[in-house]
Amino acid sequence: MTKSAGASLPQSSAGEEFQKLVDIMMRLRAPDGCPWDREQTIESLRSFVLEETYEVLDAIDRADHDDLRGEIGDFIFEGVFRAQIETDAHRFTVTDSLRHIVDKLVRRHPHVFGAAEGVTTPGQVLEQWEEIKAKEQQSAGKQKSLLKGVPRTLPSLLRAHEIGSRVAAVGFDWAHTDDVLGKIEEEVAELRDAVANEGRERAEEEMGDLLFSIAQLARQLDIELHAIGAACHSQVEGHECVFRTERPAAAMGKHKRAAWCAGEWRQGN
């Protein structure tokens, strides 16, 4: 029987496409494969992980779902690439990595895959997740640590947000948003004093305290720092014509410069 002209070919499964990717990576890393791929190490590829992560985030921020489709594929490839390097070194395989996350998701969602009851809200899910995680660490003989697992390689504000979330979960947090604002004002004053009187090293310490406090305010207000940062950068980029056609900021009047920084200076004003 001949298929109609409008009939579509059967779609391959996610498993089939994933195996193709694994096979391609094996071929690239083979002795007669790609010289560049063969010489890469876990360490040499660190920057690519970060780059692909931010490209995914950029597609999300732009609500560009076509780009996101491709960026997710690139991001998955980064994991497969590293797993193949580990396979070549006889440490573990990509199958081991997949089994690890599958088992973890099943264990930590007993309200879905088991008989647990009474877990009906997102907050209860998170509480249950942390309880199960703590039991797993105890069973493995690992010392429980409140801040264990917060990667030191996270961007500083994101890491501050995560640390704040964890200590807040055990009661160490400001009671009200006004308290955080007060702390920020205090840190600004201390930073001003450090800049004026105490030198760069002390100013760096005070700047760190200020940024940490700002991250906690964002957390309490449920504001995603990455999202507002991206929006701010886009606003600045929207004034690119100013940088090309106007005199340097030092030559501008204070009012115009201040208005621009506040987002009130529009092209042509």
Side-chain angles (χ1 to χ4, degrees), residues 11-60 67-114 125-126 128-163 165-166 169 226:
Q11 293 292 314
S12 56
S13 70
E16 290 171 332
E17 293 299 326
F18 189 84
Q19 186 59 54
K20 287 181 186 178
L21 178 58
V22 172
D23 293 343
I24 288 171
M25 196 65 250
M26 290 176 62
R27 179 71 181 86
L28 291 172
R29 290 275 299 175
D32 60 343
C34 173
W36 187 89
D37 290 285
R38 291 182 62 235
E39 77 171 3
Q40 299 310 308
T41 65
I42 294 296
E43 291 76 20
S44 71
L45 293 172
R46 291 178 79 255
S47 63
F48 292 94
V49 178
L50 191 60
E51 179 181 343
E52 295 300 342
T53 299
Y54 281 109
E55 289 181 358
V56 169
L57 292 174
D58 180 62
I60 292 172
D67 268 9
L68 182 59
R69 174 180 55 203
E71 297 300 346
I72 288 175
D74 293 345
F75 188 73
I76 292 172
F77 166 71
E78 294 298 328
V80 171
F81 198 161
R82 282 141 194 78
Q84 186 59 47
I85 293 174
E86 295 295 289
T87 298
D88 295 340
H90 307 289
R91 297 188 185 99
F92 63 82
T93 69
V94 69
T95 303
D96 296 325
S97 295
L98 293 172
R99 184 180 301 114
H100 173 81
I101 186 58
V102 167
D103 290 347
K104 176 192 286 187
L105 289 173
V106 172
R107 285 196 316 271
R108 296 191 183 179
H109 291 83
H111 57 294
V112 177
F113 302 108
V125 170
L126 292 176
Q128 175 184 250
W129 178 285
E130 292 299 328
E131 289 175 355
I132 296 172
K133 180 178 179 180
K135 291 178 181 178
E136 290 173 354
Q137 291 177 341
Q138 186 176 11
S139 298
K142 296 179 180 179
Q143 184 177 2
K144 183 178 179 181
S145 172
L146 183 64
L147 301 180
K148 182 178 177 61
V150 180
R152 293 186 177 275
T153 51
L154 279 177
S156 58
L157 288 177
L158 181 57
R159 190 162 188 262
H161 185 283
E162 180 61 23
I163 290 173
S165 296
R166 295 198 181 194
H226 166 78

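Considering every non-hydrogen atom in both Ile132 and Pro110, the closest pair reads CD1-CD, 3.7 Å. Residue Gln40 comes nearest to Ser44 through the heavy atom pair OE1-OG, 2.8 Å, listed as atom of the first residue, atom of the second, then distance. The minimum heavy-atom distance between Gly33 and Arg38, with the atom names listed, is N-CD, 4.1 Å. Heavy-atom minimum distance, Val125 versus His111: CG2-NE2, 3.8 Å. Taking both residues in full, the closest heavy atoms of Thr87 and Val94 are given as OG1-N, 4.1 Å, listed atom of the first, atom of the second, then distance. Arg29 and Asp37 get closest at one heavy-atom pair: NH1-O, 2.9 Å.
Glu17 has its side chain out of reach of Leu21: every pair of non-hydrogen atoms, C-beta onward, lies at least 4.5 Å apart. Between Glu86 and Ile42, the closest side-chain pair of non-hydrogen atoms falls below 4.5 Å. Side-chain atoms of Arg107 and Phe113, non-hydrogen and from C-beta on, never get closer than 4.5 Å to each other. Two residues are said to be in side-chain contact when any heavy atoms from C-beta on lie closer than 4.5 Å; Glu130 and Leu126 fail this criterion. By the 4.5 Å heavy-atom criterion applied to side chains, Thr41 and Ile85 are not counted as neighbours.
Rounded to the nearest 0.5 angstrom, His100 NE2 and Leu105 CG are separated by 9.0 Å. A distance of 13.0 Å separates CG in Leu45 from CG in Leu50, rounded to the nearest 0.5 Å. Going from atom CD of Gln84 over to atom CG of Asp88 covers 4.5 Å, rounded to the nearest 0.5 Å. In this structure, the separation between CD on Glu16 and CD on Gln11 is 10.5 Å, given to the nearest 0.5 Å.
Classification of Arg82 and Glu78 as a salt-bridged pair holds, one side-chain N sitting under 4.0 Å from a carboxylate O. In summary, Arg159 and Glu162 do not engage in a salt bridge, as defined by a charged side-chain N under 4.0 Å from a carboxylate O. Salt bridge absent: Lys20 and Asp23 never bring a charged side-chain N and a carboxylate O closer than 4.0 Å.
Within the structure, side-chain hydrogen bond (donor to acceptor under 3.5 Å, both in side chains) pairs that include any residue of residues 49-60 comprise Asp58-Arg62 (at least two apart or interchain).
Using a 30° and 60° split on the angle between ring planes, Phe81 and Phe77 fall in the tilted class, from 30° to 60°.
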